[in-house]
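Take a look at the structure set out below.
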2 protein chains.
Amino acid sequence: MASSRTIGALSREAGVGIETIRYYERIGLLPPPRRAESGYRHYNDDDIGRLRFVKRGRELGFSIDEIRTLLQLAAQPEQPCAEADRLVREHLAEVEQRIADLSRLHAELAGLACCSERRASDCRIIEALAGAPLPHA
Amino acid sequence: MASSRTIGALSREAGVGIETIRYYERIGLLPPPRRAESGYRHYNDDDIGRLRFVKRGRELGFSIDEIRTLLQLAAQPEQPCAEADRLVREHLAEVEQRIADLSRLHAELAGLACCSERRASDCRIIEALAGAPLPHA
DNA sequence: ATTGACCCTGTAGTGGCTACAGGGTCTAGG
DNA sequence: CCTAGACCCTGTAGCCACTACAGGGTCAAT
Ligand SMILES: [Zn+2]
Ligand SMILES: [Zn+2]
Ligand SMILES: [Zn+2]
Ligand SMILES: [Zn+2]
């Protein structure tokens, strides 16, 4: 017995918003589901699987396009998975880059804190933004 | 002699794109500059200062709204700078949160790597996305 | 029959730019 | 004086990945 569910039920089962599901369909990430006579969408078990796949991909920070590729790879079970591996490595490098950027930012911001006793004209934060040279201590 | 420059010159001096400068003006982050009879914008030295302030703020990851607030604070030199300090702390917390999120992501992705010798049907990456339980090693 | 939960389409908004299209202006060289 | 090319103008649309309506139709229980 293949179970069938409306978009609301799918939304609850997969933990993805209704609007988001319709958006994924619109951009071709999910296939158009069967429709009842009323026009209501009806989803089967494969559809949950696919949507959960997308959700996990997003949680891992993959872009929609990267997920599109991963879905294609998953649909060709006999092909070697080298490309999936490459994609993960590439994405890992992106994440590392973002962490490095944010860490640099963090250090700069941490160096600015704690001057709330001054007037704005002497504030280190304002000075740093306005371009006054900071003492290089 | 107050020097005056067109938008192209300002763009080069501040290191901010022309389209971006016009965008900042449109959203009220920069004041509308003097105009020549031709309609060309002309900027003075204060305008460079303000634009550089904005640029540094963006480089530090502040949102446009945060920069708006910082600009207002900088314009009131007699006020105490407690609010600027609070804003920086708050922003620092945001950055820390983002780093934490990305680090979690990084760990998960790193745990997936290196299976390019297999077929897609056995690929750990595909399995992990499809929801197959990973051995908890 | 009515209520209220659910569903539909289509459009517009978010942030922070960026990229045109389709024009006008300015300046240096010939 | 004329023209080429660099520069400038406005207005609009696109990017990403959603999210939030407005204005309607459908379904199940009472
Ligand atoms: Zn990626
Ligand atoms: Zn201060
Ligand atoms: Zn912030
Ligand atoms: Zn693999």
Side-chain angles (χ1 to χ4, degrees), chain A residues 4-30 32-43 47 50-71 91 94-95 97-98 101-102 105, chain B residues 4-30 32-43 47 50-71 91 94-95 97-98 101-102 105:
Chain A
S4 176
R5 50 191 76 59
T6 63
I7 198 169
L10 177 65
S11 172
R12 281 186 296 275
E13 280 183 72
V16 175
I18 290 176
E19 311 272 10
T20 305
I21 295 171
R22 287 199 281 247
Y23 168 71
Y24 287 161
E25 181 184 335
R26 205 162 58 240
I27 65 173
L29 200 58
L30 300 180
R34 184 174 74 76
R35 297 277 187 145
E37 287 183 13
S38 62
Y40 283 22
R41 291 169 178 84
H42 282 272
Y43 297 93
D47 294 324
R50 195 177 172 97
L51 180 52
R52 286 203 173 129
F53 188 105
V54 172
K55 190 198 180 199
R56 287 209 186 78
R58 291 294 299 135
E59 285 169 355
L60 286 170
F62 289 104
S63 72
I64 296 287
D65 262 3
E66 284 167 340
I67 291 170
R68 225 184 277 273
T69 304
L70 287 168
L71 279 167
H91 186 64
E94 293 166 22
V95 171
Q97 184 61 60
R98 274 191 279 160
D101 290 349
L102 284 172
L105 226 63
Chain B
S4 176
R5 51 192 74 60
T6 64
I7 198 169
L10 177 65
S11 170
R12 281 185 297 275
E13 280 182 75
V16 175
I18 290 176
E19 312 272 11
T20 304
I21 296 171
R22 287 200 280 246
Y23 167 71
Y24 286 162
E25 181 184 334
R26 206 161 59 240
I27 63 172
L29 201 56
L30 300 179
R34 185 174 73 76
R35 298 276 187 144
E37 285 183 15
S38 61
Y40 283 23
R41 291 169 177 84
H42 282 272
Y43 296 93
D47 293 323
R50 194 175 172 100
L51 180 53
R52 286 201 172 130
F53 188 105
V54 171
K55 190 197 180 200
R56 287 207 186 80
R58 291 295 298 137
E59 285 169 354
L60 286 170
F62 290 105
S63 71
I64 297 287
D65 262 4
E66 285 167 340
I67 291 170
R68 225 184 276 273
T69 304
L70 287 168
L71 280 167
H91 186 63
E94 293 165 23
V95 171
Q97 184 61 60
R98 273 191 278 160
D101 290 350
L102 285 172
L105 225 64

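Labels below follow one simple rule: chain letters A, B, ... track the order of the sequence lines, proteins then strands, and each chain is numbered from 1.
From B:I7, atom CD1 reaches atom CZ of B:R12 across 11.0 Å, with rounding to the nearest 0.5 Å. A distance of 12.0 Å separates CZ in B:R50 from OH in B:Y43, rounded to the nearest 0.5 Å. Of the inter-residue distances, the one linking B:Y24 atom OH with B:I64 atom CD1 reads 4.5 Å to the nearest 0.5 angstrom. Once rounded to the nearest 0.5 Å, the distance linking CG of A:L29 with CD1 of A:I27 reads 5.0 Å. Taken to the nearest 0.5 Å, the CZ atom of B:R56 stands 13.5 Å off from the CG atom of B:L70. Separation of atoms CD1 (A:I67) and NZ (A:K55) is listed at 12.5 Å; rounding is to 0.5 Å.
Side chain of A:R52 to main chain of A:E13: a donor-acceptor pair is present (N/O by atom type, distance under 3.5 Å, no hydrogens or angles).
Contact detail for B:L102 and A:V95: the closest heavy-atom pair is O-CG1, 3.7 Å. Heavy atoms only, all atoms of each residue included: B:R35 and B:G39 are closest at NH1-O, 2.8 Å. Closest approach of B:G61 to B:E66, counting heavy atoms only: O-OE1, 4.4 Å.
Salt bridge B:R68/B:D65: present, at least one basic N to carboxylate O contact under 4.0 Å.
With B:V16 as reference, B:I21 is the one residue of B:V54, B:L30, B:I21, B:L10 to meet the side-chain contact (heavy atoms from CB on, under 4.5 Å) rule.
Contacts of residues 5-19 of chain A with DNA chain C (heavy atom under 4.0 Å): A:T6, A:I7, A:G8, A:I18. If you check residues 32-41 of chain B against DNA chain D, the residues with a heavy atom closer than 4.0 Å are B:R35, B:G39, B:Y40, B:R41, listed by number. The stretch residues 58-69 of chain A touches DNA chain D through A:R58, A:S63, A:I64, each having a heavy atom under 4.0 angstrom from the strand.
At a threshold of 4.5 Å between non-hydrogen side-chain atoms, the residues B:R41 and B:R22 count as touching.
Take B:F62 and apply the ring pair (Phe, Tyr, Trp, His ring centres under 6.0 Å) test, not counting sequence neighbours, and it matches B:H91.
Remark: P of D:dT12 and OH of B:Y23 are 17 Å apart, rounded to the nearest angstrom.
One finds no side-chain N or O of A:T20 lying less than 4.0 angstrom from the OP1 or OP2 phosphate oxygen of D:dA17.
For DNA chain C, the contact window with chain A, defined by any atom under 4.0 Å from a protein heavy atom, covers C:dC6 to C:dT9 in 5' to 3' order.
Comparing the axis of the opening five pairs of the helix from C:dA1-D:dT30 to C:dG30-D:dC1 with that of the closing five pairs yields an angle of 30°, rounded to 10°.
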